Chemist: 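Structure provided below as C-alpha cells; questions to follow.
Chain letters run A, B, ... following the sequence lines, proteins first and then strands; every chain starts at 1. Here the structure is a predicted model, which is why all the values come from computation and not from measurement. Only this structure's heavy atoms are used, side chains among them; waters, hydrogens and symmetry mates stay out.
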Amino acid sequence: MASVSHQPVQGMSDIASPDIALWQMIEQRARGIFARYRFSEVRTPVLEKLELFTHSLGDTTDVVTKEMYMLEDRGGRKLALRPEGTAGAVRYVASGGEESSNARIFYMGPMFRCERPQAGRKRQFHQIGVEAVGVPNPLADAEVIALQVHLLSAWGLEGAEIRLNTIGLPEDRAAVVSGLREAIRPRLHELPEEARQRFETNVLRLLDSKDPEVQKVISGVPPVIEFMSAASRAYLDTVIATLRKLEIHVEVDASLVRGLDYYVHTVWEVVHGGLGAQNALAGGGRYRIDVGGKRIDGVGFAMGVERVIAALEATGITAAQFAPPPPVFIVSLGEAALNENLLLMQMLRQRGVACEMELSARKVQAQMRRADRSGAQRVIIRGDSELEKGIFVLKNMIDGTQQEVELPELMCALEKS
RNA sequence: GUGGGUGUAGCUCAGUUGGUUAGAGCGCCAGAUUGUGAUUCUGGAUGUCGCGGGUUCAAAUCCCGUCACCCACCCCA
C-alpha cells in the first residue's frame with residue numbers, strides 16, 4: 001500500500017501538547033465568565049445549508065463569494081462549512097420558539113475559510129463567540145462589550161484596545177452612501193483605479209483602506225455618523241455613555257467598517273499590537289438576520305482563539321505556564337515488581353493521583369531518566385527487596401532525598417500533594 | 001486569488017564554482033554506574049536532502065512542475 005502524506009491540508013493544523021494547555025486555559029476561563037453573565041453553550045453543526053450563509057452574511061461579501069468551503073452531499077444538496085458562528089447560532093435561536101427571544105448563548109469551535117494562509121490566518125481556525133438576542137437596546141450592546149473586556153482580563157491579556165463605531169440602520173444606508181460619495185467626489189481623481197471602482201460598488205469599504213493614497217482623501221471626509229438619523233446617533237451615544245459609566249475604555253473610530261451585511265448600529269473590534277497584519281483578535285456588533293421567517297435581532301462578538309493566543313504569547317504568556325501538574329512516577333525493578341506496581345498505579349489513579357510508569361523491565365537508569373523527563377517530583381521505587389519487606393521507596397526528585405515508607409504513609413504523602 | 005521567501009536527522013541549522021561515503025549542535029539509545037534522574041566522560045543509531053520529472057559522466061546544489069510552511073496584498077476573528 002502506498003504511503004499517505006502525514007501533512008494536514010493546507011492552512012489546517014493539529015493542536016496538541018504542549019500548546020494545548022493554553023487552549024484549555026482559554027476555554028476553561030471563558031466558560032467561567034460565561035456562566036457569570038448567564039450565557040449557555042450551544043454546539044451547532046459545522047456543516048450548514050449554503051443559503052444560510054449567503055442570506056445572513058450577504059451574497060456579495062468576500063467571505064461568501066471568495067472564502068467559503070462549499071460542497072454538495074450525495075443527494076446534491078448545497079452545503080458549506082461554516083465560515084463564522086453567528087449564522088448557525090441565529091438559525092438555532094430561530095428554531096426555538098418564544099423563549100428564545102431573549103436567548104443568551106455562546107459557542108466555541110472551528111470555522112473554515114479557504115483563504116491564503118498567513119500570520120493569524122488559518123483555513124481552519126477557532127472562534128469563541130457570544131450572541132445576546134433581543135430587540136436593539138444600547139444597554140445590551142454595552143453589556144456584551146463588558147463581557148468581552150472581562151474575558152480578556154480573565155485570560156490575562158494586556159494591551160488590547162477596543163475600537164467602536166456605528167454603521168446605523170439599513171434606513172440610514174442610502175444617506176450614508178450618498179453623503180460619503182458627495183464628500184469624496186471632488187477628490188476622486190486622486191484615488192487609484194481600484195479605489196475608484198470601490199467608490200461605485202462599496203464606498204464604505206474605502207474608509208478602512210490601508211492604501212495611503214486613499215487614506216489621504218478619507219481623512220478629509222466627515223465621520224459616517226453625520227449622515228445618519230438622530231435616532232441612530234442617539235443609539236451610539238447611549239452605548240458610549242454606558243460604557244463610560246462601566247469604566248470601559250473604547251476608542252471611537254469613525255473609519256471602522258465591518259465586512260458582513262447583517263450588522264446594524266454598533267460595531268467594534270478588538271485589536272492588539274503584537275499580532276502582525278491580522279491585528280484584530282475579535283470582532284463584534286449588533287445584527288439583524290432574517291431566518292426561517294423570523295427576524296432575529298441580537299448583539300454579539302467572536303474572538304479568534306489563534307489570535308488571542310498569539311497576543312498572549314506576544315505579552316510573554318506561554319503554554320508552559322499552564323502545563324498539567326507533575327505526575328508521580330513509578331519505577332519497577334524486575335518482573336515481579338512490574339506486575340505489583342501495575343496494581344499500585346491503578347490504585348493511585350483511582351484515588352486521584354496522576355501517575356505513570358515504564359511498562360517494561362528496563363534498567364533503573366533508563367526508568368529514572370524517563371521519570372525525570374516526565375517532570376515527576378516524586379518517584380516510587382519498588383523492586384524485589386521492597387516487595388519482600390512490604391515497603392516502598394519514595395524519592396524526592398527536587399532534593400534527591402529518599403525514604404522507605406509503608407503503604408498508608410505513601411498514600412498519605414501522595415494524596416495530599 | 002496575486003506577490004516574496006523557505007523546505008537537508010526527532011528539533012535548530014551548515015553544506016564551497018554541481019564531484020565520490022551528506023555534516024554540526026541539541027535530543028535519543030547504550031556503556032562508565034550488574035538498584036537511582038537532572039551534571040560529566042565514552043560509544044552508537046539516525047536521513048525517501050518535501051515530492052515528481054528533466055539537464056549532466058556526476059544533482060542536496062542547475063531547470064521545470066507539484067505539495068507544504070512562513071510573510072505581505074486582499075479580506076477577516
Side-chain angles (χ1 to χ4, degrees), chain A residues 2-13 57 61-68 82-86 107-130 148 160 194-195 198 202 205 208-211 256-260 267-272 275-285 300-311 329-334 337 358 361-387 393-402:
Chain A
S3 165
V4 170
S5 168
H6 62 263
Q7 282 177 325
V9 312
Q10 186 179 21
M12 306 197 180
S13 51
L57 311 191
T61 56
D62 283 333
V63 169
V64 165
T65 59
K66 307 200 297 201
E67 299 166 8
M68 218 157 42
R82 60 182 187 192
E84 54 95 63
T86 299
Y107 56 85
M108 37 182 80
M111 308 292 163
F112 304 85
R113 292 186 198 176
C114 194
E115 308 174 83
R116 190 78 165 263
Q118 76 182 77
R121 191 167 77 186
K122 301 289 260 179
R123 288 185 169 185
Q124 173 173 324
F125 60 102
H126 298 77
Q127 289 189 338
I128 296 176
V130 310
Q148 173 146 54
E194 210 179 326
R198 196 160 273 179
N202 193 349
R205 273 267 155 235
D208 64 350
S209 169
K210 284 181 192 167
D211 188 331
L256 181 64
V257 183
R258 300 265 79 199
L260 307 176
V267 293
W268 71 90
E269 64 183 26
V270 182
V271 295
H272 195 276
L275 286 187
Q278 310 297 324
N279 68 343
L281 56 82
F301 62 79
M303 318 199 74
V305 178
E306 285 85 351
R307 293 188 186 176
V308 169
I309 287 173
F329 200 98
I330 305 172
V331 168
S332 318
L333 303 161
E358 174 67 42
R362 289 178 80 190
K363 300 182 59 171
V364 206
Q365 251 182 68
Q367 293 190 56
M368 288 301 296
R369 211 181 308 131
R370 192 179 145 191
D372 186 53
R373 258 182 262 121
S374 77
Q377 294 179 356
R378 291 148 180 271
V379 172
I380 299 168
I381 303 167
R382 189 156 66 146
D384 291 335
S385 62
E386 286 79 15
L387 281 180
V393 172
L394 180 58
K395 173 158 179 160
N396 180 329
M397 293 294 272
I398 296 167
D399 59 20
T401 60
Q402 61 185 46

Chemist: What string of B, S and - do you get for nucleotides 39-44 of chain B, 5' to 3', if B is base contact, S is sugar-phosphate-only contact and - is no contact with any protein heavy atom under 4.0 Å?
Modeler: ------
Chemist: Would you please confirm or rule out a distance under 4.0 Å between OP1 or OP2 of B:U36 and any side-chain N or O of A:Arg382?
Modeler: no
Chemist: Consider the side chain of A:Arg121, meaning its heavy atoms from C-beta on, and name the nucleotide among B:C76, B:G37, B:G1 that approaches it most closely.
Modeler: B:G1
Chemist: If I pick the P atom on B:G25 and the same atom on B:C41, what distance separates them, to the nearest angstrom?
Modeler: 12 Å
Chemist: Whole angstrom is fine here: how far is it from OH in A:Tyr107 over to P in B:A77?
Modeler: 9 Å
Chemist: Nearest whole Å is fine: how far is B:C76 C1' from A:Phe301 CZ?
Modeler: 17 Å
Chemist: With P as the reference atom in both, quote the distance from B:G15 to B:G54 in angstrom, rounded to an integer.
Modeler: 29 Å
Chemist: Between B:C29 atom C1' and A:Arg373 atom CZ, what is the distance in whole Å?
Modeler: 10 Å
Chemist: Check the distance between B:A38's P and A:Lys395's NZ and give it to me in whole angstrom.
Modeler: 10 Å
Chemist: Using the P atom as the point on both nucleotides, what is the distance between B:G23 and B:A68, in whole Å?
Modeler: 32 Å
Chemist: For nucleotides B:U12 and B:G31, find the distance between their C1' atoms and express it as a whole number of Å.
Modeler: 28 Å
Chemist: Nearest to the A:Met397 side chain among B:C75, B:A77, B:G37, which nucleotide is it?
Modeler: B:G37
Chemist: What nucleotide among B:A38, B:C75, B:G35 has an atom nearest to a side-chain atom of A:Asp62?
Modeler: B:C75
Chemist: Say you pick atom C1' in B:A14 and the same atom in B:C51; how far apart are they, in whole Å?
Modeler: 23 Å
Chemist: Ignoring hydrogens and angles, does a donor from either the side chain of A:Arg370 or the base of B:C28 sit under 3.5 Å from an acceptor on the other?
Modeler: no
Chemist: Distances for protein N/O vs nucleotides 30-33 of chain B N/O pairs under 3.5 angstrom?
Modeler:
unit_1: B:A30; atom_1: OP1; unit_2: A:Arg362; atom_2: NH2; d: 3.3
unit_1: B:A30; atom_1: OP2; unit_2: A:Arg369; atom_2: NH1; d: 3.2
unit_1: B:G31; atom_1: OP1; unit_2: A:Lys363; atom_2: NZ; d: 2.6
unit_1: B:G31; atom_1: OP2; unit_2: A:Lys363; atom_2: NZ; d: 3.0
unit_1: B:U33; atom_1: O2'; unit_2: A:Gln365; atom_2: NE2; d: 3.0

Chemist: Report which part of the nucleic acid A:Ala302 touches: base, sugar-phosphate, or nothing (heavy-atom distance under 4.0 Å, all strands).
Modeler: sugar-phosphate
Chemist: Report the secondary structure of RNA chain B in dot-bracket form, marking unpaired bases with a dot and bases paired to a different strand with |, and treating Watson-Crick or G-U pairs with both distances under 3.5 Å as paired.
Modeler: (((((((..((((.....[...)))).(((((.......))))).....(((((..]....))))))))))))....
Chemist: Evaluate the side-chain proximity of A:Phe301 to A:Thr86: yes if any heavy-atom separation is below 4.5 Å, no if none is.
Modeler: no
Chemist: Sticking with atom P, work out how far B:G53 lies from B:C70, rounded to a whole angstrom.
Modeler: 28 Å
Chemist: When you match A:Thr401 and A:Gly283 each to their closest nucleotide on RNA chain B, which lands nearer the 5' end?
Modeler: A:Thr401
Chemist: Could you list, one pair per line, each protein nitrogen or oxygen that sits under 3.5 Å from a nitrogen or oxygen of nucleotides 3-10 of chain B, together with the distance?
Modeler:
unit_1: B:G3; atom_1: O6; unit_2: A:Arg116; atom_2: NH2; d: 3.3

Chemist: How about A:Gln148 and A:Met303: do any of their side-chain heavy atoms sit closer than 4.5 Å?
Modeler: yes
Chemist: Please enumerate all residues that pass salt bridge (charged side-chain N to carboxylate O under 4.0 Å, His left out) together with A:Lys66, with sequence neighbours excluded.
Modeler: A:Asp62
Chemist: If you measure from the C1' atom in B:U55 to the same atom in B:U8, how many Å do you get, rounded?
Modeler: 22 Å
Chemist: At under 4.0 Å between heavy atoms, what does A:Gln10 touch on the DNA or RNA strands: base, sugar-phosphate, or nothing?
Modeler: sugar-phosphate
Chemist: Quick one: list whatever passes salt bridge (charged side-chain N to carboxylate O under 4.0 Å, His left out) with A:Glu358, sequence neighbours left out.
Modeler: A:Arg362, A:Arg370
Chemist: Over how many whole Å does the gap from A:Gln278 atom CD to B:C76 atom C1' extend?
Modeler: 6 Å
Chemist: Hey, does the side chain of A:Arg121 reach the backbone of A:Arg116 with a donor-acceptor pair shorter than 3.5 angstrom?
Modeler: yes
Chemist: I'd like the C1' distance from B:A59 over to B:C49, given in whole Å.
Modeler: 11 Å
Chemist: Out of B:A77, B:G37, B:C73, which nucleotide sits closest to the side chain of A:Lys210?
Modeler: B:C73
